[in-house]
Amino acid sequence: MSEPIPLAKPVIGEAEEQAVLEVLRSGQLSLGPRVPAFEQAFAERVGAAHASAVSSGTAGLQLALRAVGVRDGDEVVTSPLSFVASANVCVMERARPVFADIDPVTLTLDPAAAAAAVTDRTTALLPVHIFGYPAAIEPLEALGLPIVEDACEALGARYADGTPVGGRGHAAVFGFYANKQMTTGEGGMVTVGDVAVKHQIDSERNQGRAPDMDWLDHDRLGFNFRLSDIACALGIAQLGRLDEMIAGRARVAALYYEGLAGIDGLALPCADQGEARRGWFVFVVQLPLEFDRDDTIRALAELGIQSKPYLPAIHLMAYYREQFGHREGEFPVCETVAAQSIALPFFPEMTSAQVERVCAALRETLGQT
Ligand SMILES: *Cc1c(COP(=O)(O)O)cnc(C)c1O
(Lines give C-alpha, C1' and ligand atoms only; values in the text may rest on other atoms or scores of the structure.)
Protein backbone atom coordinates (compact mmCIF):
# COMPACT_ATOMS: atom_id res chain seq x y z
CA MET A 1 0.00 0.00 0.00
CA SER A 2 1.26 3.51 -0.75
CA GLU A 3 1.95 5.98 2.01
CA PRO A 4 -1.04 6.88 4.22
CA ILE A 5 -2.60 10.28 3.50
CA PRO A 6 -2.84 12.46 6.63
CA LEU A 7 -5.87 14.57 7.52
CA ALA A 8 -3.94 17.82 7.77
CA LYS A 9 -0.43 19.13 7.21
CA PRO A 10 0.89 22.63 7.90
CA VAL A 11 2.96 24.56 5.36
CA ILE A 12 6.19 25.55 7.11
CA GLY A 13 9.16 26.84 5.14
CA GLU A 14 12.29 28.90 5.35
CA ALA A 15 10.46 32.12 6.23
CA GLU A 16 9.03 30.48 9.36
CA GLU A 17 12.38 28.95 10.34
CA GLN A 18 14.12 32.29 9.90
CA ALA A 19 11.50 34.23 11.85
CA VAL A 20 11.61 31.86 14.81
CA LEU A 21 15.41 31.75 14.79
CA GLU A 22 15.56 35.55 14.93
CA VAL A 23 13.40 35.61 18.05
CA LEU A 24 15.48 32.90 19.68
CA ARG A 25 18.64 34.88 18.97
CA SER A 26 17.10 38.18 20.13
CA GLY A 27 16.78 36.92 23.68
CA GLN A 28 13.25 38.36 24.03
CA LEU A 29 10.97 35.34 23.84
CA SER A 30 7.79 36.85 25.27
CA LEU A 31 6.08 40.21 25.86
CA GLY A 32 8.24 41.61 23.06
CA PRO A 33 7.70 43.50 19.81
CA ARG A 34 6.39 40.56 17.75
CA VAL A 35 3.12 40.51 19.70
CA PRO A 36 1.81 43.96 18.63
CA ALA A 37 3.36 43.46 15.17
CA PHE A 38 1.38 40.23 14.69
CA GLU A 39 -1.78 41.81 16.09
CA GLN A 40 -1.56 44.78 13.74
CA ALA A 41 -0.82 42.68 10.67
CA PHE A 42 -3.72 40.34 11.48
CA ALA A 43 -6.20 43.15 12.19
CA GLU A 44 -5.28 44.74 8.87
CA ARG A 45 -5.72 41.43 7.08
CA VAL A 46 -9.36 41.02 8.17
CA GLY A 47 -10.23 44.72 8.27
CA ALA A 48 -10.63 44.88 12.06
CA ALA A 49 -9.88 47.96 14.16
CA HIS A 50 -7.99 45.96 16.82
CA ALA A 51 -6.70 42.48 17.55
CA SER A 52 -5.37 40.66 20.61
CA ALA A 53 -3.09 37.65 20.34
CA VAL A 54 -3.87 34.88 22.83
CA SER A 55 -2.60 31.41 23.69
CA SER A 56 -5.37 29.49 21.86
CA GLY A 57 -8.69 29.91 20.12
CA THR A 58 -10.36 28.55 23.24
CA ALA A 59 -8.64 31.15 25.44
CA GLY A 60 -9.75 33.83 22.99
CA LEU A 61 -13.38 32.69 23.14
CA GLN A 62 -13.33 32.70 26.93
CA LEU A 63 -11.79 36.19 27.15
CA ALA A 64 -14.20 37.48 24.50
CA LEU A 65 -17.24 36.21 26.41
CA ARG A 66 -16.00 37.94 29.55
CA ALA A 67 -15.25 41.14 27.66
CA VAL A 68 -18.76 41.41 26.15
CA GLY A 69 -20.24 41.03 29.63
CA VAL A 70 -21.23 37.36 30.07
CA ARG A 71 -21.51 36.59 33.82
CA ASP A 72 -22.49 33.79 36.20
CA GLY A 73 -25.92 32.35 35.47
CA ASP A 74 -26.27 34.00 32.05
CA GLU A 75 -27.31 32.14 28.92
CA VAL A 76 -25.36 32.11 25.67
CA VAL A 77 -27.15 30.94 22.52
CA THR A 78 -24.84 28.85 20.34
CA SER A 79 -24.60 26.01 17.83
CA PRO A 80 -24.47 22.34 18.84
CA LEU A 81 -22.49 21.56 15.66
CA SER A 82 -19.07 22.85 16.60
CA PHE A 83 -15.79 21.89 18.17
CA VAL A 84 -16.57 21.44 21.86
CA ALA A 85 -14.52 24.52 22.81
CA SER A 86 -17.29 26.96 21.85
CA ALA A 87 -19.66 25.43 24.42
CA ASN A 88 -16.96 24.68 27.02
CA VAL A 89 -15.98 28.34 27.32
CA CYS A 90 -19.56 29.22 28.30
CA VAL A 91 -19.52 26.58 31.03
CA MET A 92 -16.08 27.77 32.18
CA GLU A 93 -17.61 31.22 32.67
CA ARG A 94 -20.50 29.62 34.61
CA ALA A 95 -22.95 30.59 31.88
CA ARG A 96 -25.29 28.08 30.27
CA PRO A 97 -24.72 27.23 26.63
CA VAL A 98 -28.22 27.21 25.12
CA PHE A 99 -28.11 25.31 21.86
CA ALA A 100 -30.27 26.10 18.85
CA ASP A 101 -30.50 23.95 15.74
CA ILE A 102 -28.57 24.59 12.54
CA ASP A 103 -29.49 25.43 8.98
CA PRO A 104 -29.49 22.16 6.97
CA VAL A 105 -27.58 23.72 4.06
CA THR A 106 -24.93 25.99 5.59
CA LEU A 107 -24.75 23.97 8.86
CA THR A 108 -24.43 27.24 10.82
CA LEU A 109 -26.78 28.50 13.55
CA ASP A 110 -30.35 28.85 12.18
CA PRO A 111 -31.27 32.49 12.95
CA ALA A 112 -34.94 31.62 13.59
CA ALA A 113 -33.98 28.83 16.00
CA ALA A 114 -31.51 31.16 17.70
CA ALA A 115 -34.20 33.84 18.10
CA ALA A 116 -36.55 31.28 19.63
CA ALA A 117 -33.86 30.23 22.14
CA VAL A 118 -33.32 33.76 23.49
CA THR A 119 -34.70 34.41 27.00
CA ASP A 120 -34.39 37.32 29.41
CA ARG A 121 -31.24 35.63 30.75
CA THR A 122 -29.50 35.58 27.35
CA THR A 123 -26.56 37.98 27.36
CA ALA A 124 -24.69 36.90 24.23
CA LEU A 125 -24.89 34.96 20.98
CA LEU A 126 -22.01 32.71 19.97
CA PRO A 127 -22.43 31.74 16.29
CA VAL A 128 -19.82 29.40 14.78
CA HIS A 129 -18.60 29.78 11.19
CA ILE A 130 -18.43 26.04 10.96
CA PHE A 131 -16.20 24.40 8.34
CA GLY A 132 -15.29 27.94 7.28
CA TYR A 133 -18.79 28.85 6.12
CA PRO A 134 -19.94 32.24 7.47
CA ALA A 135 -22.98 32.13 9.76
CA ALA A 136 -25.89 34.39 8.74
CA ILE A 137 -24.75 37.34 10.82
CA GLU A 138 -27.28 40.06 9.94
CA PRO A 139 -30.38 38.29 11.32
CA LEU A 140 -28.40 37.49 14.48
CA GLU A 141 -27.38 41.15 14.83
CA ALA A 142 -31.05 42.05 14.56
CA LEU A 143 -31.61 40.28 17.91
CA GLY A 144 -29.75 43.16 19.56
CA LEU A 145 -27.42 41.11 21.78
CA PRO A 146 -23.62 41.14 22.03
CA ILE A 147 -22.07 38.65 19.61
CA VAL A 148 -18.90 36.59 19.95
CA GLU A 149 -18.10 34.92 16.64
CA ASP A 150 -16.27 31.62 16.67
CA ALA A 151 -14.22 32.22 13.52
CA CYS A 152 -11.62 29.59 14.43
CA GLU A 153 -12.35 27.71 11.19
CA ALA A 154 -13.10 30.74 9.04
CA LEU A 155 -9.99 32.77 8.29
CA GLY A 156 -10.45 34.10 4.76
CA ALA A 157 -14.25 33.76 4.79
CA ARG A 158 -16.61 36.57 3.82
CA TYR A 159 -20.05 37.39 5.22
CA ALA A 160 -23.13 37.56 3.03
CA ASP A 161 -22.36 41.26 2.33
CA GLY A 162 -18.94 40.33 0.95
CA THR A 163 -16.84 41.80 3.80
CA PRO A 164 -14.17 39.69 5.55
CA VAL A 165 -15.13 37.66 8.62
CA GLY A 166 -13.60 39.31 11.66
CA GLY A 167 -14.09 42.88 10.52
CA ARG A 168 -17.63 43.49 11.67
CA GLY A 169 -16.89 44.98 15.06
CA HIS A 170 -18.03 42.03 17.20
CA ALA A 171 -15.42 40.04 19.00
CA ALA A 172 -14.37 37.39 16.45
CA VAL A 173 -12.02 34.64 17.50
CA PHE A 174 -9.51 32.84 15.26
CA GLY A 175 -7.42 29.77 16.07
CA PHE A 176 -3.89 28.83 15.03
CA TYR A 177 -3.65 25.16 15.96
CA ALA A 178 -1.56 23.24 13.43
CA ASN A 179 -4.51 22.14 11.25
CA LYS A 180 -5.97 25.64 10.78
CA GLN A 181 -5.61 27.91 7.71
CA MET A 182 -2.47 29.29 9.37
CA THR A 183 -0.66 28.11 12.47
CA THR A 184 1.48 29.24 15.36
CA GLY A 185 1.59 25.71 16.81
CA GLU A 186 -0.96 26.72 19.42
CA GLY A 187 -2.46 30.18 19.45
CA GLY A 188 -5.40 32.43 18.71
CA MET A 189 -6.46 35.98 17.90
CA VAL A 190 -9.49 38.04 18.93
CA THR A 191 -10.45 40.87 16.58
CA VAL A 192 -12.67 43.64 17.96
CA GLY A 193 -14.05 47.00 16.95
CA ASP A 194 -14.09 48.61 20.39
CA VAL A 195 -10.75 49.51 21.95
CA ALA A 196 -12.18 49.11 25.46
CA VAL A 197 -12.90 45.45 24.68
CA LYS A 198 -9.31 45.02 23.49
CA HIS A 199 -8.00 46.59 26.68
CA GLN A 200 -9.99 44.21 28.86
CA ILE A 201 -8.83 41.18 26.83
CA ASP A 202 -5.21 42.36 26.91
CA SER A 203 -5.39 42.81 30.67
CA GLU A 204 -7.12 39.49 31.39
CA ARG A 205 -4.73 37.51 29.20
CA ASN A 206 -1.94 38.84 31.43
CA GLN A 207 -3.03 38.33 35.05
CA GLY A 208 -5.28 41.39 35.10
CA ARG A 209 -2.55 43.90 34.62
CA ALA A 210 -3.29 47.22 32.93
CA PRO A 211 -0.79 48.09 30.17
CA ASP A 212 0.55 51.11 32.09
CA MET A 213 0.81 49.32 35.43
CA ASP A 214 3.77 48.16 37.35
CA TRP A 215 4.07 44.40 37.12
CA LEU A 216 3.16 43.86 40.75
CA ASP A 217 0.01 45.96 40.55
CA HIS A 218 -3.16 44.31 39.20
CA ASP A 219 -6.57 45.96 39.13
CA ARG A 220 -8.56 42.87 38.14
CA LEU A 221 -8.31 39.09 38.09
CA GLY A 222 -6.70 37.52 35.04
CA PHE A 223 -5.23 34.46 33.36
CA ASN A 224 -1.99 33.70 31.63
CA PHE A 225 -3.38 33.40 28.10
CA ARG A 226 -0.44 35.18 26.44
CA LEU A 227 1.07 34.21 23.09
CA SER A 228 4.88 34.12 22.98
CA ASP A 229 7.04 36.15 20.62
CA ILE A 230 8.20 32.89 19.09
CA ALA A 231 4.61 32.03 18.18
CA CYS A 232 3.87 35.59 16.99
CA ALA A 233 6.94 35.55 14.72
CA LEU A 234 5.68 32.27 13.25
CA GLY A 235 2.27 33.90 12.81
CA ILE A 236 3.70 36.89 10.94
CA ALA A 237 5.56 34.55 8.59
CA GLN A 238 2.40 32.50 8.04
CA LEU A 239 0.39 35.65 7.24
CA GLY A 240 2.94 36.31 4.52
CA ARG A 241 1.95 33.09 2.74
CA LEU A 242 -1.72 33.04 3.73
CA ASP A 243 -3.06 33.89 0.28
CA GLU A 244 -1.03 31.07 -1.25
CA MET A 245 -2.19 28.58 1.44
CA ILE A 246 -5.84 29.61 1.06
CA ALA A 247 -5.54 29.25 -2.71
CA GLY A 248 -4.05 25.79 -2.15
CA ARG A 249 -7.06 24.72 -0.09
CA ALA A 250 -9.46 26.13 -2.68
CA ARG A 251 -7.64 24.18 -5.39
CA VAL A 252 -7.94 20.93 -3.38
CA ALA A 253 -11.64 21.61 -2.71
CA ALA A 254 -12.26 22.00 -6.44
CA LEU A 255 -10.52 18.65 -7.08
CA TYR A 256 -12.75 16.99 -4.47
CA TYR A 257 -15.96 18.40 -5.98
CA GLU A 258 -14.87 16.93 -9.29
CA GLY A 259 -13.72 13.59 -7.89
CA LEU A 260 -16.79 13.01 -5.70
CA ALA A 261 -19.47 14.21 -8.10
CA GLY A 262 -22.42 11.94 -8.69
CA ILE A 263 -22.13 9.60 -5.68
CA ASP A 264 -25.69 8.71 -4.65
CA GLY A 265 -26.66 10.10 -1.27
CA LEU A 266 -23.29 11.73 -0.55
CA ALA A 267 -23.63 15.41 0.45
CA LEU A 268 -20.70 17.69 -0.35
CA PRO A 269 -20.04 21.07 1.34
CA CYS A 270 -22.62 23.67 0.23
CA ALA A 271 -21.69 26.13 -2.49
CA ASP A 272 -21.22 29.79 -1.58
CA GLN A 273 -24.53 31.67 -1.46
CA GLY A 274 -24.59 35.21 -2.88
CA GLU A 275 -21.59 37.27 -1.79
CA ALA A 276 -20.75 34.89 1.10
CA ARG A 277 -17.45 33.03 0.75
CA ARG A 278 -16.29 29.95 2.59
CA GLY A 279 -12.81 30.18 4.07
CA TRP A 280 -11.72 26.66 3.23
CA PHE A 281 -10.60 24.78 6.34
CA VAL A 282 -11.81 21.18 6.11
CA PHE A 283 -13.55 19.11 3.46
CA VAL A 284 -16.48 17.49 5.26
CA VAL A 285 -18.88 15.13 3.51
CA GLN A 286 -22.14 13.70 4.81
CA LEU A 287 -22.33 9.98 4.11
CA PRO A 288 -25.44 8.38 2.62
CA LEU A 289 -27.85 7.54 5.49
CA GLU A 290 -27.42 3.77 5.05
CA PHE A 291 -23.68 3.96 5.79
CA ASP A 292 -22.33 3.95 9.33
CA ARG A 293 -19.87 6.77 9.94
CA ASP A 294 -17.43 4.87 12.14
CA ASP A 295 -17.41 1.74 9.92
CA THR A 296 -16.67 3.99 6.94
CA ILE A 297 -13.79 5.66 8.78
CA ARG A 298 -12.33 2.22 9.59
CA ALA A 299 -12.71 1.06 5.99
CA LEU A 300 -10.95 4.18 4.72
CA ALA A 301 -8.14 3.68 7.24
CA GLU A 302 -7.57 0.19 5.83
CA LEU A 303 -7.07 1.84 2.45
CA GLY A 304 -4.48 4.21 3.94
CA ILE A 305 -6.80 7.22 4.16
CA GLN A 306 -7.16 9.13 7.41
CA SER A 307 -10.59 10.59 8.17
CA LYS A 308 -12.50 11.44 11.33
CA PRO A 309 -15.97 12.10 12.68
CA TYR A 310 -16.38 15.82 12.14
CA LEU A 311 -18.09 17.01 14.11
CA PRO A 312 -20.00 15.07 16.77
CA ALA A 313 -23.00 16.96 18.24
CA ILE A 314 -21.89 18.73 21.42
CA HIS A 315 -25.15 18.28 23.34
CA LEU A 316 -24.86 14.48 22.97
CA MET A 317 -21.35 14.31 24.46
CA ALA A 318 -21.20 12.56 27.85
CA TYR A 319 -20.43 15.71 29.85
CA TYR A 320 -23.27 17.70 28.29
CA ARG A 321 -25.78 14.87 28.66
CA GLU A 322 -24.92 14.45 32.33
CA GLN A 323 -24.53 18.09 33.26
CA PHE A 324 -27.44 19.54 31.30
CA GLY A 325 -29.70 16.54 30.72
CA HIS A 326 -29.49 16.68 26.93
CA ARG A 327 -30.95 13.80 24.90
CA GLU A 328 -31.28 12.65 21.30
CA GLY A 329 -34.00 14.39 19.32
CA GLU A 330 -33.51 17.92 20.66
CA PHE A 331 -31.72 19.27 17.57
CA PRO A 332 -32.65 16.91 14.77
CA VAL A 333 -30.88 18.73 11.93
CA CYS A 334 -27.61 18.85 13.83
CA GLU A 335 -27.93 15.24 14.97
CA THR A 336 -28.50 13.87 11.47
CA VAL A 337 -25.64 15.90 10.03
CA ALA A 338 -23.27 15.02 12.87
CA ALA A 339 -24.03 11.29 12.65
CA GLN A 340 -23.10 11.16 8.94
CA SER A 341 -20.24 13.68 8.71
CA ILE A 342 -16.59 12.87 8.20
CA ALA A 343 -13.61 15.09 7.40
CA LEU A 344 -11.40 13.92 4.53
CA PRO A 345 -7.67 14.68 4.19
CA PHE A 346 -7.36 18.36 3.29
CA PHE A 347 -4.28 20.58 3.23
CA PRO A 348 -2.80 23.20 0.89
CA GLU A 349 -0.06 21.01 -0.57
CA MET A 350 -2.26 17.99 -1.23
CA THR A 351 -1.55 16.66 -4.71
CA SER A 352 -4.18 15.78 -7.28
CA ALA A 353 -2.96 12.16 -7.09
CA GLN A 354 -3.65 12.14 -3.35
CA VAL A 355 -7.13 13.59 -3.86
CA GLU A 356 -7.79 10.95 -6.51
CA ARG A 357 -6.74 8.20 -4.09
CA VAL A 358 -9.11 9.54 -1.41
CA CYS A 359 -11.98 9.78 -3.90
CA ALA A 360 -11.34 6.26 -5.20
CA ALA A 361 -11.20 4.87 -1.65
CA LEU A 362 -14.43 6.58 -0.69
CA ARG A 363 -16.18 5.36 -3.84
CA GLU A 364 -14.98 1.82 -3.14
CA THR A 365 -16.11 2.01 0.51
CA LEU A 366 -19.55 3.29 -0.54
CA GLY A 367 -19.81 0.64 -3.26
CA GLN A 368 -20.01 3.25 -6.04
CA THR A 369 -16.95 2.83 -8.21
C1 LIG B 1 -10.03 25.05 16.41
C2 LIG B 1 -11.32 25.53 16.95
C3 LIG B 1 -11.41 26.24 18.16
C4 LIG B 1 -10.22 26.62 19.01
O5 LIG B 1 -9.30 25.67 19.18
P6 LIG B 1 -7.92 25.85 19.96
O7 LIG B 1 -7.35 24.49 19.85
O8 LIG B 1 -8.24 26.26 21.35
O9 LIG B 1 -7.10 26.90 19.27
C10 LIG B 1 -12.65 26.70 18.55
N11 LIG B 1 -13.76 26.46 17.82
C12 LIG B 1 -13.72 25.79 16.66
C13 LIG B 1 -14.99 25.60 15.89
C14 LIG B 1 -12.50 25.28 16.19
O15 LIG B 1 -12.47 24.58 15.05
Side-chain angles (χ1 to χ4, degrees), residues 7-10 38 42 51-66 76-93 97 99-100 102-103 106-109 124-135 137 147-157 165-166 170-191 201 204-205 223-228 231-232 234-235 238 245 249 269 278-284 308-315 317 320 334 337-338 341-344 346-347:
L7 260 180
K9 192 164 155 288
F38 182 33
F42 193 90
S52 295
V54 290
S55 55
S56 70
T58 308
L61 287 167
Q62 189 172 353
L63 292 180
L65 282 182
R66 296 173 65 89
V76 177
V77 174
T78 189
S79 171
L81 187 75
S82 177
F83 179 54
V84 70
S86 54
N88 280 352
V89 290
C90 302
V91 182
M92 282 296 176
E93 287 301 312
F99 298 112
I102 58 171
D103 179 278
T106 68
L107 312 184
T108 60
L109 199 53
L125 308 174
L126 203 172
V128 182
H129 305 307
I130 199 70
F131 310 152
Y133 199 85
I137 204 75
I147 295 178
V148 171
E149 299 175 42
D150 183 338
C152 286
E153 302 194 352
L155 183 53
V165 162
H170 315 297
V173 183
F174 297 84
F176 306 134
Y177 179 70
N179 69 341
K180 308 283 183 184
Q181 281 94 340
M182 59 170 273
T183 186
T184 59
E186 299 279 0
M189 189 73 80
V190 188
T191 58
I201 290 172
E204 290 192 347
R205 76 179 168 188
F223 304 87
N224 176 359
F225 284 166
R226 296 188 303 264
L227 193 62
S228 73
C232 288
L234 193 47
Q238 288 269 282
M245 294 193 291
R249 286 185 196 260
R278 187 189 296 271
W280 278 107
F281 166 59
V282 279
F283 200 89
V284 171
K308 73 172 174 187
Y310 206 84
L311 286 154
I314 297 176
H315 67 289
M317 293 182 173
Y320 285 88
C334 167
V337 170
S341 289
I342 66 172
L344 299 175
F346 192 67
F347 46 91

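Every number for a ligand or one of its atoms is a count from 1 in the order of the listing. Positions are given from 1, in the same order as the sequence printed here.
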- How about F176 and F38: are their ring centres within less than 6.0 Å of each other? yes

- Message: Tell me every residue that passes salt bridge (Lys or Arg N to Asp or Glu O under 4.0 Å) with E204, counting only those two or more places apart in sequence or in another chain.
- Response: R66, R220

- Please list, chain by chain and in numerical order, all residues satisfying side chain to side chain donor-acceptor pair (under 3.5 Å) with S82, sequence neighbours excluded. S86

Enumerate the pairs of nitrogen or oxygen atoms, one from ligand 1 and one from the protein, separated by less than 3.5 angstrom; state names and distance to 0.1 Å.
| unit_1 | atom_1 | unit_2 | atom_2 | d |
| --- | --- | --- | --- | --- |
| ligand 1 | 8 (O) | G57 | N | 3.4 |
| ligand 1 | 8 (O) | T58 | N | 2.9 |
| ligand 1 | 8 (O) | T58 | OG1 | 2.4 |
| ligand 1 | 9 (O) | G57 | N | 2.9 |
| ligand 1 | 11 (N) | D150 | OD1 | 3.4 |
| ligand 1 | 11 (N) | D150 | OD2 | 2.7 |
| ligand 1 | 15 (O) | E153 | OE2 | 2.6 |
| ligand 1 | 15 (O) | K180 | NZ | 2.8 |

- Using 30° and 60° as the class limits, which term best fits the ring planes of F99 and Y320: parallel, tilted or perpendicular? perpendicular

- Task: Work out which heavy atom in L7 is nearest to a heavy atom in A343; give both atom names and the distance.
- Result: CD2-O, 3.5 Å

- Message: Applying salt bridge (Lys or Arg N to Asp or Glu O under 4.0 Å), can you list everything that pairs with R249, at least two apart in sequence or on another chain?
- Response: none

